[in-house]
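Quick one: structure below, then a few questions.
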Amino acid sequence: MSTLTIPFLILAADAADQPEVSPMWQMLLLFGPPLLLLFFMQTIFGKSEAKEKARRDEMVTALKKNDQIVTIGGILGTVVSVAEDKQSVTIKVDDNTRLKFQASAIREVVSRDSKDSEKS
């Protein structure tokens, strides 16, 4: 016998001594741990993703004229107008330059209107 077949013969002899396990239990033991891991990872990351989405939605609904913003592309500007449905925003980048963006393209509000900060 070659030395390569000896480990397989030992494993086969060990497997013959083991009691028969039903196919249902074999599948459960095979797929159970990875499925549990995926479930826990989805639970952990799903909650943080939901919090981030809620924060962004709140930020977009609170947008108003004269807010300083940064877009996801890194463009700095001042909000000139917000559409009624809060889906699009027009920002002023320079004296004669205005750009219209989807509200979802806004990464963050840098500063609020100075009138609002004086009231607070």
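Note that the numbering runs from 1 along the sequence shown for the chain.
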Quick one: side chains of residues 91-109, donor-acceptor pairs under 3.5 Å with protein atoms, not counting sequence neighbours, listed by atom name and distance.
none

message = To the nearest 0.5 Å, what is the distance between NZ on Lys53 and CG on Asp57?
response =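 Going from NZ on Lys53 over to CG on Asp57, the span is 4.0 Å.
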inquiry  = I'd like to check the side-chain contact (heavy atoms from CB on, under 4.5 Å) partners of Ser48; sequence neighbours left out, ordered by chain and number.
reply    = none
request  = Calculate, to the nearest 0.5 Å, the distance between atoms CH2 and CG belonging to Trp25 and Leu30 respectively.
outcome  = 14.0 Å
request  = With side chain to side chain contact (heavy atoms under 4.5 Å, CB included) as the test, would you mind laying out the steps for Val60 and Arg56 before giving the verdict?
outcome  = CA-CA 6 Å; Val60 168; Arg56 287 186 57 78; 5.5 Å; no
query = When hydrophobic residues are tied together by side-chain contacts of less than 4.5 Å, even through go-betweens, does Val80 share a cluster with Met59?
reply = no
message = Once rounded to the nearest 0.5 Å, what's the spacing between atom CD1 of Ile69 and atom OG of Ser111?
response =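 That separation rounds to 10.5 Å.
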ask   = Is Leu28 reachable from Phe39 through a run of hydrophobic residues whose side-chain heavy atoms are each under 4.5 Å from the next?
value = no
query = How many angstroms lie between CD in Glu49 and CD in Glu52, if you round to the nearest 0.5 Å?
reply =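 Rounded to the nearest 0.5 Å, the CD-CD separation comes to 9.5 Å.
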ask   = With a 4.5 Å heavy-atom cut-off, do Thr78 and Asp67 have their side chains touching?
value =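 Answer no - side chains too far apart.
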message = How long is the straight-line distance from CG of Leu29 back to CE of Met24, given to the nearest 0.5 Å?
response = 10.0 Å
